[in-house]
Amino acid sequence: MSAAQREPVGVIGTGYVGLVTAAGFAELGSDVYCVDIDAAKIERLRAGEIPIYEPGLGELLERNAERMHYATELMPALEHARLLFVAVGTPPTYSGDADLSAVHAVVEAMPSGDDGHALVMKSTVPCGTGANIKRILRERGKAFSYVSCPEFLKEGSAVGDFMHPDRVVIGDDRDWAGEAVTELYRPLLNEAHGGVGTGELVRTDIASAEMIKLAANAFLATKISFINEIANVCEALGADVVEVARGMGLDGRIGPKFLQAGLGYGGSCFTKDVSALKLLAGNSGYHFQLLNAVIEVNELQKRRVVSKLQRHLGDLAGKRVGLLGLAFKPNTDDMRGASSLVLAARLQAEGVHVRAYDPIAEDEARRLMPQLDYASGALDAVAGADAVVLVTEWPQFVELDWSEVAQVMRGTVVIDGRNALDPDAIATAGLTYEGIGRGVGA
Ligand SMILES: NC(=O)c1ccc[n+]([C@@H]2O[C@H](COP(=O)([O-])OP(=O)(O)OC[C@H]3O[C@@H](n4cnc5c(N)ncnc54)[C@H](O)[C@@H]3O)[C@@H](O)[C@H]2O)c1
């Protein structure tokens, strides 16, 4: 891919989305002016440190170090770039709505009387936010253009997702800004759209672009909750959800992805985006019934492991349980919405001594769960345990030597919370395997 000099861009917010987007555009040839209010983060970035764990991101930033500029003020970005990508957080409020305060802080910080810039919204925002921001900009006399360009990257494979997107969604008012964003993404688009990459272009209006992002996440969450319910029925009826999902997923209309039963979905996005869409629908007068069930199934799913353990061990008070993995999925240090948070709290409430290990997320986990007992490795986490629960399917747990595990455990129970382990290898080691929805232990 040509890295010829291209349009400079500003990126406001250097979290998972902002930093990957910034590094990606630098790789494509742009000078990138990053802005973050977190001064410590900007210092670390200037010093060549990567504040998050994301495979491949370090190499990308290092390779493009000369094109990357970091500041806590907006001015360098405003001076050098027309397109200002907004990638600040939109966490849930207590009510479950999206908290747009960081987005509005960015809007407020834009200078008035400007006519050469555009805000390009990467943050996930409720449908209607763009219209609202455009109104505010107008009222404040800020002649900014506005583009919705929702992000679909997945933590853990974010760099690859940026470079090889399924689609690029651009919602705009058919003005220069929409054209400029399309041009910026051009190399990543497929041949039909003049690129050399993989992405289909969805050029649409702002409200539809906003809705595409929320609907996509809600649909994926629905798929996960659906297969988890099938898993629970499989447990009652003696079927194996892994076989069922395989048989279902081979149907081209269904597809195999997001059909892995487990401890429920987590992460920063699904939980908050499903809730935000449900409330957004409610606020506009429509009761989105399906999403209520999706959310409830997911919450219950995180807790089902507790009853599995009770079935095996009886009263859990005083028992020792080793948790393998804490991050919401492998290859990330992100603990937001992780099933481990609920599971560990529930186990501790039952009087269990919980000892946990995660190869990358431990620092963040310690911040959120300071009361847990943290182990130095997988074997250390399971030593003396009555039961072990696989929470995050990091490859090193999948490849564990189960005869070694059997030697150090006090009990024999292995709950495979991600259906990622080899039941035969575990049984051969003399341990008792139970997955999620695998026809055992109804
Ligand atoms: N993480 C994901 O996998 C993912 C994927 C797709 C979309 N999204 C969406 O992208 C957005 C960002 O998510 P994230 O995970 O990167 O968040 P994050 O919390 O990792 O990063 C947000 C960054 O914005 C900074 N910030 C906050 N207010 C600011 C301001 N006024 N000016 C400058 N910087 C500011 C914060 O300091 C932080 O560094 C969210 O809306 C999220 O829903 C996230």
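Note that ligands are numbered from 1 as they come in the structure, with each ligand's atoms numbered from 1 the same way. FYI, side chains are in, hydrogens and waters are out, and symmetry mates aren't considered; it's all heavy atoms of this structure.
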**Q** So, are Lys302 and Glu299 salt-bridged, with charged N and O less than 4.0 Å apart?
**A**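 Salt bridge flag = yes for Glu299 with Lys302.
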**Q** Using a plain distance cutoff, I'd like to know if Glu151 has any nitrogen or oxygen under 3.5 Å from a nitrogen or oxygen of ligand 1.
**A**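 No, Glu151 has no N/O under 3.5 Å of an N/O on ligand 1.
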**Q** Only one of Arg67, Arg6, Arg63 forms a salt bridge (charged side-chain N to carboxylate O under 4.0 Å, His left out) with Glu27, so which one is it?
**A**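 Exactly one option meets the salt bridge (charged side-chain N to carboxylate O under 4.0 Å, His left out) with Glu27, and it is Arg63.
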**Q** Measure the spacing between CG of Leu84 and CG of Leu74 and express it to the nearest 0.5 Å.
**A**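 Spacing of CG (Leu84) from CG (Leu74) equals 7.5 Å.
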**Q** Under a 4.0 Å threshold between the charged nitrogen and the carboxylate oxygen, would Arg44 count as salt-bridged to Glu49?
**A**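 Arg44 and Glu49: salt-bridged.
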**Q** Can you tell me the protein heavy atom closest to atom 9 (C) of ligand 1 and the distance?
**A**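 Of the protein heavy atoms, Thr124 OG1, 3.4 Å lies nearest.
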**Q** So which protein heavy atom does atom 31 (N) of ligand 1 come closest to, and at what separation?
**A**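 Sorting protein heavy atoms by distance from atom 31 (N) of ligand 1 puts Val106 CG2, 3.8 Å first.
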**Q** What atoms of ligand 1 come closer than 4.0 angstrom to any heavy atom of Ile12?
**A**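 Contacts of ligand 1 toward Ile12, numbered from 1: 32 (N), 33 (C).
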**Q** Under a 4.0 angstrom heavy-atom cut-off, which atoms of ligand 1 come close to Gly89?
**A**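 The list of qualifying atoms is 22 (C).
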**Q** Which protein non-hydrogen atom lies closest to atom 37 (O) of ligand 1, naming both residue and atom, and how far is it?
**A**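 For this ligand atom, the closest protein heavy atom is Asp36 OD1, 2.6 Å.
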**Q** Can you tell me which residue and heavy atom of the protein come closest to atom 2 (C) of ligand 1, and the distance to 0.1 Å?
**A**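 Result: Glu155 OE2, 3.4 Å.
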**Q** Would Arg167 and Phe152 count as a cation-pi pair here, with the cationic atom under 6.0 angstrom from the ring centre and within 45° of the axis?
**A**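 Pair Arg167/Phe152 counts as cation-pi.
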**Q** With a cut-off of 4.0 Å, which atoms of ligand 1 are near a heavy atom of Lys272?
**A**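 Result: 42 (C), 43 (O).
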**Q** Can you check which of Asp99, Val88, Leu100 brings a heavy atom nearest to atom 26 (N) of ligand 1?
**A**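 Residue with the shortest heavy-atom distance to the ligand atom: Val88.
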**Q** Find the distance between CG (Leu19) and CG (Leu61) and round it off to the nearest 0.5 Å.
**A**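 Atom-to-atom, Leu19:CG and Leu61:CG are 5.0 Å apart.
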**Q** Return the closest protein heavy atom for atom 24 (O) of ligand 1 as residue, atom name and distance.
**A**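 So the nearest neighbour among protein heavy atoms is Gly13 CA, 3.4 Å.
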**Q** What are the atoms of ligand 1, with element, lying closer than 4.0 Å to any heavy atom of Thr90?
**A**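 In order of numbering, the contacting atoms are 40 (C), 41 (O), 43 (O).
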**Q** How does Arg336 reach ligand 1, if at all, at less than 4.0 Å between non-hydrogen atoms: by side chain, backbone, both, or neither?
**A**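 Under 4.0 Å from ligand 1, Arg336 contributes side-chain atoms alone.
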**Q** Can you name the atoms of ligand 1, numbered from 1 with element, that are less than 4.0 Å from a heavy atom of Val17?
**A**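 Here the atoms of ligand 1 in question are 4 (C), 5 (C), 6 (C), 7 (C), 8 (N), 10 (O), 16 (O), 44 (C).
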**Q** Tell me whether the rings of Phe258 and Phe270 are parallel (<30°), tilted (30 to 60°) or perpendicular (>60°).
**A**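 Plane angle between 30° and 60°, so tilted.
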**Q** Before we go on, tell me: are the rings of Tyr185 and Phe25 under 6.0 Å apart, centre to centre?
**A**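 Yes, they do, as the ring centres are separated by less than 6.0 Å.
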**Q** Does ligand 1 have an atom that lies less than 4.0 angstrom from a heavy atom of Lys154?
**A**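 It does not; every heavy atom stays at 4.0 Å or beyond.
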**Q** Could you tell me the residue and atom name of the protein heavy atom closest to atom 5 (C) of ligand 1, and the distance to it rounded to 0.1 Å?
**A**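 Checked against all protein heavy atoms, atom 5 (C) of ligand 1 sits closest to Leu153 O, 3.5 Å.
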**Q** Return the residue, atom name and 0.1 Å-rounded distance of the protein heavy atom closest to atom 28 (N) of ligand 1.
**A**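 The closest one turns out to be Ile37 CD1, 3.5 Å.
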**Q** For ligand 1, is any non-hydrogen atom under 4.0 Å from Ala158's backbone (N, CA, C, O), its side chain (CB onward), both, or neither?
**A**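 The answer is neither.
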**Q** Can you sort out which atoms of ligand 1 are near Ala87, meaning under 4.0 Å from one of its heavy atoms?
**A**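 Listed by number with element: 12 (C), 22 (C).
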**Q** Between Lys213 and ligand 1, does any nitrogen or oxygen pair lie at a separation below 3.5 Å?
**A**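 There is no such contact.
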**Q** Pairs of nitrogen or oxygen atoms closer than 3.5 Å, one from Asp38 and one from ligand 1: do any exist?
**A**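 No - when backbone and side-chain N and O of Asp38 are compared with those of ligand 1, no distance drops under 3.5 Å.
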**Q** For Lys329 and Asp334: C-alpha separation, side-chain torsions, deciding distance, then whether salt bridge (charged side-chain N to carboxylate O under 4.0 Å, His left out) applies.
**A** CA-CA 8 Å; Lys329 66 174 180 179; Asp334 200 344; over 6 Å; no
**Q** Going by the order shown, which atoms of ligand 1 are within less than 4.0 Å of some heavy atom of Lys41?
**A**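 Going through ligand 1 atom by atom, the ones under 4.0 Å from Lys41 are 38 (C), 39 (O).
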**Q** Could you tell me whether Asp99 and Lys272 have a side-chain N and a carboxylate O separated by less than 4.0 Å?
**A**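 No.
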**Q** Would you say ligand 1 has an N or O under 3.5 Å from any N or O of Asp273?
**A**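 No; every N/O pair is 3.5 Å or more apart.
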**Q** Salt bridge or not for Glu434 and Arg438, using N-O below 4.0 Å?
**A**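 Judged by the 4.0 Å cut-off on N to carboxylate O distance, Glu434 and Arg438 do not form a salt bridge.
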**Q** Before accepting this row, confirm whether a basic side-chain N of the pair Lys308/Glu235 lies closer than 4.0 Å to the acidic partner's carboxylate O.
**A**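 Yes, Lys308 and Glu235 are salt-bridged.
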**Q** Does a salt bridge link Glu155 with Arg336, judged by any charged N lying under 4.0 Å from a carboxylate O?
**A**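 Looking at Arg336 together with Glu155, the answer is yes, because their closest N to O distance falls below 4.0 Å.
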**Q** So does Glu179 pair up with Arg203, basic N to acidic O under 4.0 Å?
**A**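 Yes.
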**Q** Output the list of atoms in ligand 1 that are nearer than 4.0 Å to some heavy atom of Gly15, sorted by atom number.
**A**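 Counting atoms of ligand 1 from 1, those under 4.0 Å from Gly15 are 16 (O), 18 (P), 20 (O), 21 (O), 23 (C), 39 (O).
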